[in-house]
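Please read the structure below before turning to the comments.
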Amino acid sequence: MLRSRLMNEGSEAIARWLEEKRRTDRVWAVVICVLALGCGAVAFLLTSVLIYTLVHIVSGAFSGAFVHSAIFSGLVALGLTTWSYVRIMKRRRHALDLELDPMGFWIFKDLYSVGPRLLLEGLHQVRCCAQLGELNVAACARALTYLAGKNAAVSRDELIAHCAQVPWERLKEQLLLLDGVLFLGEEGSRVTLMEPFRLLLRSMLPQQQTAGKRREPTRPRPEPPPDAVPMNEPEKLSAYEILGLSPLASFVEIRTAYRKRVKACHPDLFAGMDEQARALAERWTKALNAAYATLNPRQRGARRGPARER
């Protein structure tokens with residue numbers, strides 16, 4: 001009974017923190033969405049005006065009144081701009097263009113793709129805002145409380161037993177929205193927390209819960225499975241595992257996951273903790289940087305470049 005009551009108190013504390021985090025993240029998502037979509041729309045209009053001017057000048061060489069009309073030039077400009085934006089957005093959603101032509105035209109392509117990138121980011125923030133609005137705070141807080149009390153990864157069935165009111169696929173989808181949750185294995189069958197995130201959650205738990213654990217008699221613990229990786233050794237995780245991604249993830253997903261994970265290990269989050277916690281956060285940050293460098297196609301291409309020259 002005492003353990004259940006302390007677990008509920010810890011879950012309520014984490015739920016309050018999670019609710020506040022959700023509100024803050026939604027506000028930021030709305031702000032970024034408005035700015036990105038607004039700037040993207042301005043870039044779209046400027047591009048349309050530029051193309052309209054070029055089409056109107058070229059069509060002036062023809063004698064036909066219809067070809068030289070402003071309506072015709074405007075429709076052609078809007079059609080070309082829409083077609084080019086959709087093409088760039090589809091390509092950038094899945095891969096990164098690494099071709100740097102010697103004539104320097106890639107600079108103009110990058111400048112032209114600013115508008116599509118802004119629109120993509122705005123749409124991404126719309127989706128994030130919707131997902132955060134559907135977040136089951138109580139179920140996620142209960143799962144985080146249980147994971148924070150474990151020093152190793154737990155199985156999917158073990159976590160479901162503590163969150164029976166939520167289906168596994170739904171729980172996994174919502175936990176993936178949080179920065180410090182890791183799904184290990186090919187199918188994400190084991191769940192754990194990044195160690196800095198675990199320490200942050202443990203700081204929210206009641207002091208009585210820690211004291212109660214200390215008064216409990218020591219019991220023999222089962223041996224961990226051979227493939228269990230200590231969470232204080234992030235270097236032993238694969239690049240995809242530490243970023244919480246599948247091997248089929250696109251570069252956009254890799255970059256987004258990297259930014260979220262690094263934010264969870266920011267030194268400001270551990271300013272009030274001991275030196276060991278800050279050192280562990282720095283160690284995770286270095287491991288995340290190494291994983292991103294491994295999966296970043298730009299850096300892979302840069303490493304292959306000198307090898308070709310030899």
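None of these values were measured; they are calculated from a predicted model.
- Counting heavy atoms from C-beta outward, T192 and K150 have side chains that stay 4.5 Å or more apart.
- Two residues are said to be in side-chain contact when any heavy atoms from C-beta on lie closer than 4.5 Å; L243 and L288 meet this criterion.
- Cluster note: Y52 groups with no other residue, as no ILVMFWY side-chain heavy atom lies under 4.5 Å from it.
- Through direct or indirect side-chain contacts shorter than 4.5 Å among Ile, Leu, Val, Met, Phe, Trp and Tyr, L50 is connected to no other residue.
- Applying the ring pair (Phe, Tyr, Trp, His ring centres under 6.0 Å) definition to pairs two or more places apart or across chains, those involving residues 27-46 are F44-Y85.
- Judged as a salt bridge (charged side-chain N to carboxylate O under 4.0 Å, His left out), not a single pair has a partner in residues 30-51 (not counting sequence neighbours).
- The hydrophobic cluster containing V34 also includes V30, under a criterion of side-chain heavy atoms closer than 4.5 Å among ILVMFWY residues, counted directly or through chains of members.
- The side-chain hydrogen bond (donor to acceptor under 3.5 Å, both in side chains) check on S155 picks up nothing, with sequence neighbours excluded.
- Every side chain to side chain contact (heavy atoms under 4.5 Å, CB included) that A36 has, sequence neighbours left out, goes to E121.
- In this view, L132 and R22, D25, R26 satisfy the side chain to side chain contact (heavy atoms under 4.5 Å, CB included) rule, not counting sequence neighbours.
- I242 is listed as a side-chain neighbour of W284, based on a closest heavy-atom distance under 4.5 Å.
- In this structure, L119 and L37 have side chains that are in contact, with non-hydrogen atoms separated by less than 4.5 Å.
- Residues forming a side chain to side chain contact (heavy atoms under 4.5 Å, CB included) with V114 (at least two apart in sequence, or on another chain): R117, L118.
- Remark: K286 pairs with E282 by the salt bridge (charged side-chain N to carboxylate O under 4.0 Å, His left out) rule, at least two apart or across chains.
- Every residue meeting the side chain to side chain contact (heavy atoms under 4.5 Å, CB included) condition with V181, not counting sequence neighbours, appears here in chain and number order: L144, L175, L178, F183, V191, L193, F197.
- Note on residues 131-141: no pairs pass side chain to side chain donor-acceptor pair (under 3.5 Å), not counting sequence neighbours.
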